[in-house]
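Proteins come first, then strands; the chains are lettered A, B, ... in the order of their sequence lines, and each starts at number 1.
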Amino acid sequence: MAHNESHAASASQELHHEPLPVKVYLGVFLGLLFLTFVTVWVAGFDFGEFNMIVAMAVAVTKASLVVLYFMNLKHDHDRLNGVIFLMGLFFLIVFIGPTMWDKVTRGEVDPQRGQAAELPAHGAAAQQPHPAEQPK
Amino acid sequence: MSTPTAAIPSNIKRHEVGHHFGNAEQEFSAAKLGFWIFLCTELLMFGGLFVAFIYYRTFLAETFLQAHRTLSKPLGVTNTVVLITSSFTMAMAIRSAMVNKQKQMMAFLWITLICATAFMVIKLGFEWPAKFSHHTLPGRFFDLHHASEAYPFLADVKSPAIFYSLYFMMTGLHGIHVLIGMGLILWLIIRGGRGEFYSGFYTPLEVTGLYWHFVDLVWIFLFPLFYLVG
């Protein structure tokens, strides 16, 4: 570790970090390009309902590579940064989860509105709206 | 393949820790922690839009499937590659500063800025003008008469305007982030040119890097949702 002893600044004034090897960044870069190719290639096939799941699986893998290596959460000395990020993810899941839960079960608790949630076609005459939705 | 840290060049402006910090490590950690908390607020802001996308998609699966065909897949792929490349060069710029290769750092920063510019040129110069000319626009600006001339299948699906509202809001907000990122990278180039970044101090690089990778992260999800699956 090169440190200029004659410099007035004490060791505590400067950082002394060991960077990750170049091959890690290069590997992640090539991995991301490869996964981009994979996701585009796979989109050419029709798996029906699973199209979204396959695309999201690849996206989550790419995102993990970026977060762990480019954003350095894997080797970060401050583990708290990772905890903060996981908390953000947790809140995002709380956000998405119950929203979709509501979407899926709305018809059971309110059959009328569960059906009325269908939106009218563009340009077509709007269907009779649910009474509760009239004062808009 | 660990590159040995070169000696700190003589033209470097040595860093002095802010008086409110105990040492360099504390200063660095505090900046990063603050930025990660900011990134969480960003995550939830984009998260809200992603929730809107998923929610509407469950009602309008056919609309989203048909409308996504009007987006240019080649341009989407190009922009993905451009953004991933810029994320890589950003990471390499930080690494170069850490091993005191200032010229290399400046080159990587310039490449990052050029990639960011390329992304915005493709977005604003090629993709969005096509949307404007076909009137496939958000909300009440959507014009089915014009849109169905180019894309007849849009006439057969419900509320395609909602897809374009989400498309413009989400890629627009992402685009604003890219523009802000370009400003930050330019700021790094100016400060780097003054010799302010080296192994002993690279906090602004590190924090801007986190921001830039986050912008990449958002695009990693936007790309398959809009361009591939719909």
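Looking at heavy atoms from C-beta onward, A:F95 lies out of side-chain contact with B:L43 at the 4.5 angstrom threshold. In this structure, A:I96 and B:F50 have side chains that are not in contact, with every pair of non-hydrogen atoms separated by 4.5 Å or more.
Proximity to chain A (any heavy atom under 4.5 Å) is shown, for B:Y227, by neither the backbone nor the side chain. Proximity to chain A is limited to the side chain of B:T80, based on heavy atoms less than 4.5 angstrom apart. Heavy-atom distances place the side chain of B:L39, and not its backbone, under 4.5 Å from chain A.
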Given B:L225 and A:M52, is the side chain to side chain contact (heavy atoms under 4.5 Å, CB included) satisfied, shown in steps?
CA-CA 8 Å; B:L225 283 180; A:M52 181 60 97; 3.5 Å; yes

Determine, stepwise, if the pair B:I84 / A:F70 fulfils side chain to side chain contact (heavy atoms under 4.5 Å, CB included).
CA-CA 11 Å; B:I84 286 173; A:F70 281 175; 5.5 Å; no

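Within 6.0 Å of the CZ atom in B:F141, the count of heavy atoms belonging to other residues, nucleotides or ligands does not exceed 12. Atom CZ of A:R79 sits in a crowded spot, with more than 12 heavy atoms from other residues, nucleotides or ligands closer than 6.0 Å.
The line from NE2 of A:H17 to OH of B:Y202 is 4.5 Å long, rounded to the nearest 0.5 Å. Taking CE of B:M98 as the reference point, atom CG of A:L15 lies at 8.5 Å (rounded to 0.5 Å). Between the CH2 atom of B:W36 and the CD1 atom of A:I84 there is a distance of 10.0 Å, given to the nearest 0.5 Å.
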Please tabulate, for side-chain N and O atoms in residues 24-41 of chain A, each donor-acceptor pair with protein atoms closer than 3.5 Å (sequence neighbours left out).
residue: A:T36; atom: OG1; partner: A:L32; partner atom: O; Å: 2.8
residue: A:T36; atom: OG1; partner: A:K62; partner atom: NZ; Å: 3.0

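In this structure a side-chain-to-backbone donor-acceptor pair under 3.5 Å is present from A:Q13 to B:V17.
Contacts from residues 63-70 of chain B to chain A, taken as heavy-atom pairs separated by less than 4.5 Å, involve no residues at all.
For the residue pair A:P19 and B:V99, the shortest heavy atom distance occurs at CG-CG1, 3.6 Å. Counting all heavy atoms, side chain and backbone alike, A:N81 lies closest to B:K32 at ND2-CE, 3.9 Å.
Contact count against chain B (heavy-atom pairs under 4.5 Å) is highest for A:K103 among A:M100, A:K103, A:M87. When A:L92, A:V104, A:N51 are compared by the number of non-hydrogen pairs under 4.5 Å with chain B, A:L92 comes out ahead.
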